Amino acid sequence: MELKGSVILTSSTTRTSGVVSDIAFQVTSAAGGESIDLTPGKTLIKYTDSTQSKIFQSTAGFTVTALGTADVDKLLERNEVYEFQMIDLETGAGSGNDTLTNLLQTNMKFTIEVIPPTGAVLFIQRTTPVFLDATTSLH
C-alpha cells in the first residue's frame, strides 16, 4: 500500500484556527501488492506526536471510504483508491484509543502509521504549518 496524493487537515470550525479536527489521506495498492483488508479493527492507525502515541482501531476513530471505481468491500485491490479519515480529533479529551489526549495544533510534527493485517506498514510523517486554514494540504 502507498500514499496517493496529499495529507489533508481540516481545522475545527468550533475552535480558533490552529486546531486540527480531521486528517484525511488516500491510499492505493503498491505495484504487485496483494489485496489488503482495510476494515477498522483489522487495519489499525498509530498516531504519534511529541506528547502522545495513540492507536485508532475502530470506526469511532477513523473511517475508510472507497473512491472512484473501488468496490465497497474495504479490500484494497489493484487499481483501487480508498480514503482514510481520522475523525473528531479536536475533542482532545480521551485517554483511550480512537481519540487524542492532546490536540494537534500548529507547528507540530506528527506521524501516522497505517498497520494492515498483512503486508508492510505505511509510514506518513508531516509537520503542521504555522497557521491552519479550514482545509490545509500537506504534500
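Worth saying up front: this structure is predicted, and the values here are computed from it rather than measured. Residues: numbered from 1 along the sequence shown.
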Contacts of Ser137 that satisfy side-chain hydrogen bond (donor to acceptor under 3.5 Å, both in side chains) - sequence neighbours left out:
Ser6
Who clusters with Val72? Use side-chain heavy atoms, under 4.5 angstrom, across I, L, V, M, F, W and Y, and order the result by chain and number.
none
Over all heavy atoms of both residues, which pair between Ile23 and Leu104 is shortest? Give the atoms and the distance, please.
CD1-CD2, 3.8 Å
Same hydrophobic cluster for Val20 and Leu138, using side-chain heavy-atom links shorter than 4.5 Å among ILVMFWY?
yes
CA sep, side-chain torsions, deciding dist, call: Ile112, Phe84, side chain to side chain contact (heavy atoms under 4.5 Å, CB included):
CA-CA 11 Å; Ile112 295 170; Phe84 282 85; over 6 Å; no
Minimum-distance pair of heavy atoms, taken over all atoms of Ala70 and Ala66
O-CB, 3.7 Å
Residue pairs meeting salt bridge (charged side-chain N to carboxylate O under 4.0 Å, His left out), one or both in residues 99-108, sequence neighbours left out, come to none
Please name all residues satisfying side-chain contact (heavy atoms from CB on, under 4.5 Å) with Ser53, sequence neighbours left out, ordered by chain then number.
Lys46, Thr48
Could you report the tightest heavy-atom contact between Thr99 and Phe56, atom names first, then the distance?
N-CE2, 3.7 Å
Using every non-hydrogen atom in the two residues, find where Val121 and Pro116 come nearest and quote the distance to one decimal.
CA-CD, 4.2 Å
Ring pair (Phe, Tyr, Trp, His ring centres under 6.0 Å) filter on Tyr82, not counting sequence neighbours, yields none
Group every Ile, Leu, Val, Met, Phe, Trp and Tyr by side-chain heavy-atom contacts under 4.5 Å, then state whether Ile87 and Val7 land in the same group.
no
Would you name the heavy atoms of Leu3 and Leu122 that are closest together and state the gap between them?
N-CD1, 3.9 Å
Taking side-chain contact (heavy atoms from CB on, under 4.5 Å) as the definition, give me every residue that meets it alongside Lys42, ordered by chain and number, with sequence neighbours left out.
Asp37, Thr39, Pro117
State whether a side-chain donor-acceptor pair under 3.5 Å links Thr135 with Asp133.
no
Donor-acceptor contacts, no H, no angles, side chain residues 74-81, under 3.5 Å, sequence neighbours left out:
| unit_1 | atom_1 | unit_2 | atom_2 | d |
| --- | --- | --- | --- | --- |
| Lys74 | NZ | Val64 | O | 3.3 |
| Glu80 | OE1 | Glu77 | N | 3.0 |
| Glu80 | OE2 | Asp71 | N | 3.3 |

By side-chain hydrogen bond (donor to acceptor under 3.5 Å, both in side chains), Thr127 pairs with (sequence neighbours left out) none
Side-chain heavy atoms under 4.5 angstrom apart, residues restricted to Ile, Leu, Val, Met, Phe, Trp, Tyr: same cluster for Met1 and Tyr47?
yes
Do Thr43 and Val114 come close enough that some side-chain heavy atom pair is under 4.5 Å?
yes
Nearest heavy-atom contact between Leu67 and Glu83 is CD1-CB, 3.9 Å
Side-chain donor/acceptor of Asp88 to backbone N/O of Gly61, under 3.5 Å:
no
Do any pairs count as a salt bridge (charged side-chain N to carboxylate O under 4.0 Å, His left out) and have a residue in residues 109-122, sequence neighbours left out, and if so which ones?
none
Non-neighbouring partners of Glu2 that pass side-chain contact (heavy atoms from CB on, under 4.5 Å), sequence neighbours left out
Thr28, Ala30
Do Met108 and Met86 share a hydrophobic cluster, counting only Ile, Leu, Val, Met, Phe, Trp and Tyr and linking them when any side-chain heavy atoms are less than 4.5 Å apart?
yes
Please report the interatomic distance CG(Asp98) to CD(Gln57), rounded to the nearest 0.5 Å.
5.5 Å
How many angstroms lie between CD in Gln125 and CZ in Phe110, if you round to the nearest 0.5 Å?
9.5 Å
Donor-acceptor contact present, side-chain Thr106 to main-chain Pro129, <3.5 Å
no
Give, for atom CD1 of Ile55 and atom CD1 of Ile45, the distance between the pair rounded to the nearest 0.5 Å.
10.0 Å
Check the hydrophobic clustering (I, L, V, M, F, W, Y; side-chain heavy atoms under 4.5 Å; chains of links allowed) and say if Val19 and Ile8 are grouped together.
no
From CA spacing to verdict: side chain to side chain contact (heavy atoms under 4.5 Å, CB included), Ile36, Val27:
CA-CA 11 Å; Ile36 300 171; Val27 298; over 6 Å; no
Rounding to 0.5 Å, atoms CG (Leu100) and CG (Asn102) come to a distance of 8.0 Å
Checking Thr10 now: which residues fulfil side-chain contact (heavy atoms from CB on, under 4.5 Å) with it, not counting sequence neighbours?
Ser21, Asp22
